[in-house]
Peer 1: 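Sharing a structure with you now.
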Amino acid sequence: MSKKIISPFRGLHYNPLKIKNFAEVMAPPYDVIDEAYREKLYARHPQNVVKLILTQEEDGKILGLNKYEMAAKYLQDWQKQELLVQDAQPQLYLYHQTYTLADGRALTRKGFIARRRLEPFDEGKIRPHEYTFAGPKADRLQLIKSTQTNLSAIFGIFSDAQRQVMKNFDKALTQKPLMDLVTDDGNRHQVWAVGDLQIHEQVNTLMQDKITFIADGHHRYETALNYRDYCLQNVPSSQSDPAYNFVMMYLCPMEDEGLVILPTHRVLDVAVPLNLEAALQKLSQNFEIKKFAKANKAAALQELQQVGANKLGFILSSKEALNLIQISFEKLAKISALASLSAPVRELDVTVLHHYLLPEIFEINLHEGDEVKKIHYVKDTQEALEAPEKGQASLSFILNPTQMKQVEAISNIGERMPHKSTFFYPKLLSGLVFNPLD
């Protein structure tokens, strides 16, 4: 029998006999929920998953509980009330997300949710591509200690060019899904429980030597490693392979036609020390610059999308105009601030922006205090383009999406991208299934 790399589990999920509309109790990942949306989710349903993943401080005050202890109480109470039920037998969970992009393309991303054995990054089978921060990891560690449950799946990507893994789930599509719902954004989410032991073993065997790239959930993965280490030292277990050796992960083939990376644009919330014309003059020493009137947004965006395999480009949006800025990879290598970086990292637009343009050209010191106080990350292209002319920002930078081959190349050499370099769309839904660790 193969070593357990992929393991089915007895998922805990909302009870269809008690919850008539699953969409009312679901939420996006905790780190994309702002305060206004949290209030909306709280009001939407008394058992919305946001009460578990992003509990309000005041919820437990009457009982003398902190927010992590209150999340654990919610989880226990909802199980006692049978609002949450646990599958009798271990399952793998096939998960489809059907969505429409801004350009009108309708796509379905297909993957499955399982327990994935935890491995340190230096062992090489699980590879990150972005840096993490101490604050979110400390927060998530407190939550997992209190609830002893994976409340949201980490997003992992693996290669399955011949569909050897995913074809095992084809039969499940003939069955009625465990869940079928449409969320606020119009995206459809379908989940099938797959209990066939032969499929479980076959998937585990096929995944033995596959490398998994973390697409989303770096903080939660590192937290799971920290929780495992905590349990090894503090929580005796009679099991030979305790559940804390694994983490709940959604696994999607990198070849899947529904796997899409969208750009995350940068909007400057602070005044630029150097005036725009002087900055453009400095930029022109290495970069090609083409100016567009603000009315010609569509033309500027079209040219940005056509930047070739040998060039890097982005749009600099100011109150008065749009500037399409391009540079060849060959010239990039000759810029002293970038020359020491490996080619895969250097050839990312976010690297050029954070390591060169902002500090060297626009004289914005990103090391002064917290970066998030100076840069606002925006997913919507039109919103980012229009922010300067609406007086909401000094400048904005419109980027092309990071390519999957870039994520793979950087992960393979053991390096990482700047924060928020990738936006895998759509986000995984929180609340579909939970993974108990006790």
Side-chain angles (χ1 to χ4, degrees), residues 2-9 11-12 29-31 52-54 68 71-72 75 111-158 204 207-252 407-408 410-422 424 427-428 430 433-438:
S2 304
K3 176 185 177 183
K4 265 190 186 175
I5 295 294
I6 297 298
S7 174
F9 63 102
L12 184 67
Y30 80 100
D31 56 352
L52 304 179
I53 62 174
L54 204 60
Y68 307 108
L75 190 63
F112 65 96
I113 299 171
R115 280 179 176 169
R116 171 63 167 88
R117 181 174 294 280
L118 287 162
E119 299 178 60
F121 294 141
D122 58 13
E123 291 184 6
K125 287 292 182 64
I126 293 185
R127 298 181 183 174
H129 76 270
E130 286 189 351
Y131 289 104
T132 56
F133 300 101
K137 286 187 286 187
D139 167 64
R140 292 299 98 178
L141 184 57
Q142 285 289 95
L143 182 61
I144 197 172
K145 282 182 177 180
S146 290
T147 62
Q148 298 179 55
T149 302
N150 294 149
L151 298 171
S152 302
I154 289 153
F155 190 162
I157 296 170
F158 68 99
N204 180 56
M207 292 294 290
Q208 288 293 306
D209 298 317
K210 290 190 180 293
I211 292 168
T212 299
F213 300 94
I214 297 179
D216 204 1
H218 288 78
H219 289 95
R220 282 173 284 132
Y221 186 83
E222 291 187 29
T223 296
L225 285 171
N226 293 336
Y227 180 69
R228 181 195 65 178
D229 293 345
Y230 165 81
C231 288
L232 286 171
Q233 295 177 17
N234 299 283
V235 184
S237 176
S238 59
Q239 299 175 4
S240 60
D241 198 8
Y244 56 67
N245 285 331
F246 295 81
V247 68
M248 184 170 66
M249 187 176 287
Y250 164 79
L251 291 150
C252 175
V407 175
E408 187 176 5
I410 289 170
S411 298
N412 281 337
I413 61 174
E415 296 197 34
R416 303 200 198 186
M417 300 177 177
H419 189 49
K420 293 189 181 295
S421 294
T422 56
F424 286 86
K427 291 284 189 178
L428 301 180
S430 294
V433 63
F434 308 124
N435 173 35
L437 298 172
D438 54 4

Peer 1: For I6 and F112: C-alpha separation, side-chain torsions, deciding distance, then whether side-chain contact (heavy atoms from CB on, under 4.5 Å) applies.
Peer 2: CA-CA 11 Å; I6 297 298; F112 65 96; 4.2 Å; yes

Peer 1: Please round to the nearest 0.5 Å and tell me the distance separating atom CZ of R140 and atom CG of D31.
Peer 2: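 Here the interatomic distance stands at 8.5 Å.
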
Peer 1: If you define the side chain from C-beta out and look only at heavy atoms, does anything of I154 sit under 4.5 Å from V247?
Peer 2: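 A side-chain contact under 4.5 Å exists here.
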
Peer 1: Between CD1 of I410 and CZ of F213, what distance do you get to the nearest 0.5 Å?
Peer 2: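 These two atoms lie 11.5 Å from each other.
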
Peer 1: Which value, rounded to the nearest 0.5 Å, describes the distance between R416 atom CZ and T132 atom OG1?
Peer 2: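 If I round to the nearest 0.5 Å, the distance is 5.5 Å.
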
Peer 1: Heavy atoms only: give me the nearest K210-F158 pair and the separation to one decimal.
Peer 2: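 That would be CD-CD1, 3.6 Å.
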
Peer 1: Look at the side chain of Q208 and the backbone N and O of N204, then say whether any donor-acceptor pair between them is shorter than 3.5 Å.
Peer 2: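 A pair under 3.5 Å: yes.
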
Peer 1: Considering non-hydrogen atoms only, spot the tightest contact between R228 and P120 and give its length.
Peer 2: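 Residues R228 and P120, closest heavy atoms: NH2-CG, 4.2 Å.
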
Peer 1: With a 4.5 Å limit on heavy-atom distance, are the side chains of M249 and T212 in contact?
Peer 2: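 Counting from C-beta outward, M249 and T212 do come under 4.5 Å.
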
Peer 1: Side chains of L437 and I144: does their closest heavy-atom pair fall under 4.5 Å?
Peer 2: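 L437 reaches I144 side chain to side chain.
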
Peer 1: Apply the test side-chain contact (heavy atoms from CB on, under 4.5 Å) to residues R117 and M207: give CA-CA distance (whole Å), side-chain angles for both, the deciding distance (0.1 Å), then the verdict.
Peer 2: CA-CA 11 Å; R117 181 174 294 280; M207 292 294 290; over 6 Å; no

Peer 1: Could you go through E222 and K137, starting from their C-alpha distance and side-chain angles, then the distance that decides it, and tell me whether this counts as salt bridge (charged side-chain N to carboxylate O under 4.0 Å, His left out)?
Peer 2: CA-CA 7 Å; E222 291 187 29; K137 286 187 286 187; 2.8 Å; yes

Peer 1: Nearest heavy-atom pair of L428 and P29: which atoms, and what distance?
Peer 2: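 Heavy atoms only, the tightest pair is O-CD, 3.3 Å.
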
Peer 1: Mind listing the closest non-hydrogen atom pair of T147 and T149 along with its distance?
Peer 2: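 Between these two residues, the closest heavy atoms are O-OG1, 2.8 Å.
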
Peer 1: With a 6.0 Å cut-off (strictly less than), is the heavy-atom count around NZ of K145, excluding the residue itself, greater than 12?
Peer 2: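 Enclosed: over 12 neighbouring heavy atoms sit under 6.0 Å from NZ of K145.
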
Peer 1: Just verifying a value: how many Å separate D216 CG and Y250 OH, rounded to the nearest 0.5 Å?
Peer 2: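 Nearest 0.5 Å value for the CG-OH distance: 12.0 Å.
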
Peer 1: Are any non-hydrogen side-chain atoms of R220 and M248 less than 4.5 angstrom apart?
Peer 2: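 A side-chain contact is absent here, since even the closest heavy-atom pair is not under 4.5 Å.
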
Peer 1: Would you say that Q148 contacts L75 through its side chain, given a criterion of any heavy-atom pair below 4.5 Å between the two side chains?
Peer 2: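 No, their side chains stay 4.5 Å or more apart.
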
Peer 1: Any chance you could measure I211, atom CD1, to N412, atom CG, to the nearest 0.5 Å?
Peer 2: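 Interatomic distance, I211 CD1 to N412 CG, rounded to 0.5 Å: 6.0 Å.
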
Peer 1: For residues I157 and F155, report the shortest heavy-atom separation together with the two atoms involved.
Peer 2: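 For I157 versus F155, the nearest heavy atoms are CG1-CE2, 4.0 Å.
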
Peer 1: Does the side chain of L52 reach to within under 4.5 Å of the side chain of F434, using non-hydrogen atoms?
Peer 2: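 In short, these two side chains touch, coming nearer than 4.5 Å.
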
Peer 1: With sequence neighbours left out, what residues match Y68 under side-chain hydrogen bond (donor to acceptor under 3.5 Å, both in side chains)?
Peer 2: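 Per chain and number, Y68 pairs via side-chain hydrogen bond (donor to acceptor under 3.5 Å, both in side chains) with D139.
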
Peer 1: Roughly how far apart are S146 OG and L141 CG, rounded to 0.5 Å?
Peer 2: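 Answer for the OG-CG pair, S146 versus L141, is 9.5 Å.
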
Peer 1: Under a 3.5 Å distance rule, please check whether E130 uses its side chain to pair with a backbone N or O of T422 as donor and acceptor.
Peer 2: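 At least one qualifying donor-acceptor pair exists.
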
Peer 1: Quick check: do Y221 and L118 have side-chain heavy atoms less than 4.5 Å from each other?
Peer 2: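 Yes, their side chains come closer than 4.5 Å.
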
Peer 1: Tell me if a side-chain donor or acceptor on S411 pairs with a main-chain N or O of P128 at a distance below 3.5 Å.
Peer 2: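 Judged by distance alone, yes, a pair lies under 3.5 Å.
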
Peer 1: For the pair Y244 and Y227, name the ring-plane relationship: parallel under 30°, tilted 30 to 60°, perpendicular over 60°.
Peer 2: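 Aromatic pair Y244/Y227 classed perpendicular.
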
Peer 1: Answer yes or no: is there a donor N or O on one side and an acceptor on the other, between the side chain of H218 and the main chain of H129, under 3.5 Å?
Peer 2: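 Yes, the answer is positive, given that a donor and an acceptor are paired below the 3.5 Å cut-off.
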
